[in-house]
Amino acid sequence: MRVPAHTGFADVPAEGVSLLEAVAARARELLGATLVADRDGMRVALRITEVEGYGGPHDPASHAYRGPSARNAAMFGPPWHAYVYRHMGLHTCFNVVVAVDGTPTGVLIRAGEIIDGVDHARRRRAARGATRRDTDLAAGPARLTVALGITLADTGAPLDGSSGLTLLPRTGAAPRTAVGPRIGVGKAADFPMRFWIDGDPTVSR
DNA sequence: AAATAGATTAGCT
DNA sequence: GCTAATCTATTTA
């Protein structure tokens with residue numbers, strides 16, 4: 001993996017680059033996986049179509065870049081748990097913690113297709129703003145959390161179903177995947193760490 | 001104690 | 001496509 005000098009990853013040591021590769025691999029695995037949220041007796045299932053990797057200590061765009069804090073504590077916890085944070089005051093975003101060799105790395109779930117509980121998702125989204133098309137229900141990290149009913153209280157929760165959140169691995173073959181730079185990231189924006197299912201209508205722009 | 005940048009969204013042109 | 005809204009965590013004095 002070549003690391004362009006202007007991306008902010010320039011000082012990543014060799015083991016850091018392999019760490020980024022590992023995160024990218026985990027992110028790719030999550031494409032096509034299913035996230036099931038059981039909330040208030042309502043089940044909403046999401047087929048993940050867009051993700052972004054965050055490389056912890058070597059990634060200046062990662063929340064874990066500057067070490068542990070009250071906000072990012074969950075990233076330093078066990079893998080396959082949730083890391084939920086608030087952004088821009090009101091928006092809530094959901095990550096899957098992917099500890100690689102004990103380092104705090106994560107994958108931001110940016111978008112997906114609602115495959116079960118569409119009515120519940122639409123109702124939740126309608127309560128916070130207008131939604132025109134079904135493909136927009138979870139087309140964006142904060143939209144996704146609203147559709148699934150995920151809140152800050154879910155941070156640190158396991159994704160094995162014991163807390164109402166279940167992550168099911170993709171079953172079929174790997175989908176056709178597109179790669180690009182991360183979105184809305186000020187630092188290291190040119191580094192391709194964003195993956196989405198090529199041609200899927202539910203990915204954010 | 002104060003400043004500031006930010007893993008965004010919705011609404012309008 | 002472009003901009004306002006909106007507030008928190010982290011950084012700086």
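Lettering of chains follows the sequences in order, A, B, ..., and the numbering in each one begins at 1. Here the structure is a predicted model, which is why all the values come from computation and not from measurement.
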- prompt: Does anyone know the first and last nucleotide of DNA chain C in reach of chain A, 5' to 3', at under 4.0 angstrom to a heavy atom?
  reply: C:dT6 to C:dT11
task: Kindly state whether the pair A:Tyr85 / B:dA7 counts as stacked, where counting means centroids closer than 5.5 Å and planes tilted less than 30° apart.
output: no
- prompt: Is any side-chain N of the basic residue among A:Glu52 and A:Arg182 closer than 4.0 Å to the acidic one's carboxylate O?
  reply: no
- prompt: With ring centroids as reference points, do A:His63 and A:Tyr54 lie under 6.0 angstrom apart?
  reply: no
- request: Residues of residues 147-155 of chain A with any non-hydrogen atom less than 4.0 angstrom from an atom of DNA chain B: list those, numerically ordered, please.
  value: none
query: Would you say B:dA5 has OP1 or OP2 under 4.0 Å from some side-chain N or O of A:Arg66?
result: no
- prompt: Hey, is A:Arg122 close enough to A:Asp134 for a salt bridge, meaning N to O under 4.0 Å?
  reply: yes
- prompt: Taking 4.0 angstrom as the limit, do A:Asp154 and A:Arg39 come out as a salt bridge?
  reply: yes
- prompt: Between B:dA7 atom C1' and A:Trp196 atom CH2, what is the distance in whole Å?
  reply: 16 Å
statement: Output field dot_bracket for DNA chain B (Watson-Crick or G-U, both distances under 3.5 Å, | for other-strand pairs) contains ||||||.|||||.
message: In whole Å, I'd like the distance from the CG atom of A:Asn95 to the P atom of B:dA7.
response: 11 Å
query: Ignoring hydrogens and geometry, is there a side-chain-to-backbone donor-acceptor pair from A:Asn95 to A:Val84 under 3.5 Å?
result: no
task: First locate atom CG of A:Leu35, then atom CG of A:Leu30, and finally report the distance between them rounded to the nearest 0.5 Å.
output: 9.5 Å
query: A:Tyr65 has an atom OH; how far is it from atom P of B:dA5, in whole Å?
result: 17 Å
- request: Using the test side chain to side chain donor-acceptor pair (under 3.5 Å), find all partners of A:Arg71 that sit at least two apart in sequence or belong to another chain.
  value: none
- prompt: Any cation-pi pair here, A:Arg110 with A:Phe94, using under 6.0 Å and within 45°?
  reply: no
statement: Between CD1 of A:Ile183 and C1' of B:dA7 the distance, given in whole Å, is 10 Å
- prompt: If only atom types and distance count, is the side chain of A:Glu50 paired as donor or acceptor with the main-chain N or O of A:Ser204 below 3.5 Å?
  reply: yes
field: Remaining members of the apolar cluster that contains A:Val146, side-chain heavy atoms under 4.5 Å
entry: none
- line: To the nearest 0.5 Å, atom CG of A:Asp136 lies from atom OG1 of A:Thr202 at 9.5 Å
query: Is there a donor-acceptor contact under 3.5 Å from the side chain of A:Arg170 to the main chain of A:Leu31?
result: yes
query: Roughly how far apart, to the nearest Å, are C:dT12 and B:dA7 at atom P?
result: 16 Å
query: Heavy-atom contacts under 4.0 Å between residues 104-115 of chain A and DNA chain B, which residues?
result: A:Leu108, A:Arg110
message: Under a 4.0 Å threshold between the charged nitrogen and the carboxylate oxygen, would A:Arg47 count as salt-bridged to A:Asp116?
response: no
- prompt: At what distance, to the nearest 0.5 angstrom, does CG of A:Leu137 lie from NE2 of A:His120?
  reply: 13.0 Å
- request: Return the value, rounded to whole Å, for the distance between atom CZ of A:Arg86 and atom C1' of B:dT9.
  value: 14 Å
- line: A:Met88 atom CE is separated from B:dT4 atom P, nearest whole Å, by 16 Å
- prompt: In whole angstroms, how far is the P atom of B:dG11 from the CZ atom of A:Arg143?
  reply: 10 Å
- prompt: Quick one: A:His91 NE2 to B:dA5 P, roughly how many Å, whole number?
  reply: 19 Å
